[in-house]
There are 2 protein chains.
Amino acid sequence: MATTHEKPRSSTASTRSPAAPARRADAQRSIAAILDAAIESLSRNPDASVSEIAKTAGVGRVTVYGHFPNRADLVEAALTQAIDDGHAALDAVDLTGDPREALARLIDSSWQLVNQSRSLLIAAQDVLPPSKIRDLHAGPVKRVERLVERGRTEGAFRTDLPTSWLVSVMHSVMHSAADEITAGRLTPDKAADYITATVLPAFSPSEKR
Amino acid sequence: MATTHEKPRSSTASTRSPAAPARRADAQRSIAAILDAAIESLSRNPDASVSEIAKTAGVGRVTVYGHFPNRADLVEAALTQAIDDGHAALDAVDLTGDPREALARLIDSSWQLVNQSRSLLIAAQDVLPPSKIRDLHAGPVKRVERLVERGRTEGAFRTDLPTSWLVSVMHSVMHSAADEITAGRLTPDKAADYITATVLPAFSPSEKR
DNA sequence: CTCTTGTCGAACACCGGTGTACGAGTTAGT
DNA sequence: ACTAACTCGTACACCGGTGTTCGACAAGAG
């Protein structure tokens, strides 16, 4: 066995441990393939076996173990990859201007990401400690929190409920939409509209009364 | 092997297959114990083994297989039990009068039920086909749907989104609360209030604008 | 009291997934 | 072109859960 177990970083700026003997181009390719395959397989079935992942990566099962010490680490790496890919994608969204409209835009973009990789998340929850999951999600959550906070100070969003609760509600309504789609009661194209139509009123201040 | 595999029905009116040789008092006791244990164990850990369930039931693992052909059937029986126990409990809730207040009452009661047995549901989802799950939930869902429908015709609830969507949102916000509790960001006593405070505005008609 | 029904523990075969070991073959850096 | 890095398949030990069988024993129904 030649391969040394090093955490492969995502696309942007591979941070290698101190004196790294430099990975071969060959290896980098299979690592990328494995990671992609993991995301794909786990997104279809939360408890896909290592064999399945290896197969869809077009790689031997042993090769996988050559780069990741065990299944858990692989799942973690996959989730990390997926999350900060998404994180990068969301950077394109304009969050300035009216908080309500900004939120609508953010929801619209977030929705696809959540929809695609929600079963990957389930896979992760089976294997990783909750603390780790929360750490990985910290980035994306922060983004939403900041927007909500701004909306509150500007009077666009309600302040009688904690920010964390509001964020959680938005998150859960998106998951709800995903469930409705798999249940066949909702079509993907309408999803984003339904979500914003539901979340916005829930976020708004109590309107006199 | 003596025991005949018959689906044990919940408390109310045991429907036995045609010519049933009548089950012994002994057996009925252990079946009940097993069912309760299953609900309890699976609510703690979605993939509790048959051994664990048997142990908490104070019964041999073999005895379990004496009454349920396999793990899946046991899980199904447990879920069924839990659901129509809850169904019965919800019959006590007054759903007349102002739809908004009625909904608040319903949420308040439903919440505890959902909170207790949500991990049982997860267990079921691993083992049972989605169709079966939906069938089992049909009863409780109908109840909410009827209330929502009434609220719509009386102008208390919005009509620009499908009823099924609204019901699903309510469902998912409750699950969200459960997650927040396990995450330590929410205390159980505040949960019901947060849920209604969130769901009601989401259900209300668009208020001019 | 007797006989059927149920319970129990131990033991077993089976299955599928995980992680490791080996040896031969291939690929890419220099 | 040479060497170290990498990949592959097979094979193996291991583990834990499932479902079954057996034989002895307890308990309820008549």
Side-chain angles (χ1 to χ4, degrees), chain A residues 1-6 8 14 16-17 19-38 41-42 44-78 123 126-128, chain B residues 1-6 8 16-17 19-35 37-38 41-42 44-78 123 126-128:
Chain A
M1 88 218 80
T3 53
T4 31
H5 290 141
E6 296 296 337
S14 306
R16 312 271 290 108
S17 48
R23 202 113 58 184
R24 231 174 57 180
D26 201 354
Q28 298 180 15
R29 237 183 300 131
S30 23
I31 289 180
I34 292 172
L35 239 28
D36 287 350
S41 301
L42 293 174
R44 267 189 281 111
N45 170 20
D47 36 42
S49 69
V50 176
S51 316
E52 286 179 41
I53 297 176
K55 201 187 305 174
T56 71
V59 121
R61 191 174 67 99
V62 205
T63 304
V64 174
Y65 282 104
H67 295 294
F68 303 89
N70 53 47
R71 191 179 180 280
D73 280 33
L74 171 56
V75 173
E76 179 178 345
D126 281 354
V127 177
L128 270 37
Chain B
M1 91 219 77
T3 55
T4 31
H5 290 140
E6 297 295 336
R16 315 269 290 108
S17 49
R23 201 115 56 184
R24 230 175 55 182
D26 201 354
Q28 297 180 18
R29 239 182 298 133
S30 25
I31 290 180
I34 292 172
L35 239 29
S41 301
L42 294 174
R44 267 187 280 112
N45 170 20
D47 37 41
S49 71
V50 176
S51 317
E52 285 180 41
I53 297 176
K55 201 187 305 173
T56 72
V59 120
R61 191 174 69 99
V62 205
T63 304
V64 174
Y65 281 104
H67 295 293
F68 304 90
N70 52 49
R71 191 179 179 280
D73 280 33
L74 172 54
V75 173
E76 178 178 347
D126 281 354
V127 177
L128 271 36

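In what follows, every heavy atom counts, from backbone to side chain, and hydrogens, waters and symmetry copies are set aside. Numbered from 1 within each chain, the chains take letters A, B, ... in sequence-line order.
Closest approach of A/A37 to A/A57, counting heavy atoms only: CB-CB, 3.4 Å. Residues A/L35 and A/A78 come closest through the heavy atom pair CD1-N, 4.1 Å. Considering every non-hydrogen atom in both A/N70 and A/Y65, the closest pair reads CA-CE2, 4.2 Å.
Proximity of a side-chain donor or acceptor of A/S41 to a complementary backbone N or O of A/A38 within less than 3.5 Å is not detected.
With sequence neighbours excluded, the residues forming a side-chain contact (heavy atoms from CB on, under 4.5 Å) with B/R29 are B/D26, listed by chain and number. By the side-chain contact (heavy atoms from CB on, under 4.5 Å) test, A/S30 pairs with A/V59, A/H67, sequence neighbours left out.
A 4.5 Å side-chain heavy-atom check between B/F68 and B/I34 finds at least one atom pair inside the cut-off. With contacts defined as side-chain heavy-atom distances shorter than 4.5 Å, the pair B/L74/B/V64 qualifies.
When the nearest nucleotides of DNA chain C are assigned to A/A72 and B/G60 by heavy-atom distance, the more 5′-ward of the two goes with B/G60.
A distance of 4.5 Å separates CG in A/L42 from CD1 in A/I53, rounded to the nearest 0.5 Å. To the nearest 0.5 Å, the span separating CG on B/D73 from CG on B/L128 amounts to 8.5 Å.
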Requested in this report: Starting at the 5' end of nucleotides 10-17 of chain C, put B wherever the base has a protein heavy atom under 4.0 Å, S where only the sugar-phosphate does, and a dash everywhere else.
Outcome: BB-----S

I'd like a table of atom pairs between the protein and nucleotides 28-30 of chain C - only N or O on both sides, under 3.5 Å - with the distance next to each one.
unit_1 : atom_1 : unit_2 : atom_2 : d
C/dA28 : OP1    : A/R29  : NH2    : 2.8

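Nearest nucleotide to the B/S30 side chain, out of C/dG6, D/dC6, C/dG19: C/dG6.
The overall bend of the helix from C/dC1-D/dG30 to C/dT30-D/dA1, read as the angle between its terminal helix axes built from five base pairs each, is 30° when rounded to 10 degrees.
Sorted by first and then second residue, the salt bridge (charged side-chain N to carboxylate O under 4.0 Å, His left out) pairs involving residues 46-66 of chain B (not counting sequence neighbours) form an empty list.
The interatomic distance linking A/D73 (CG) with C/dG19 (P) rounds to 9 Å, in whole Å. We find that OH of A/Y65 is positioned 4 Å from P of C/dG19, with the value rounded to whole Å. Taking atom CG on A/L74 and atom P on C/dT18, their separation rounds to 10 Å, with Å as the unit.
At D/dT7, one or more side-chain N or O atoms of A/H67 fall inside 4.0 Å of OP1 or OP2 (strictly under the cut-off).
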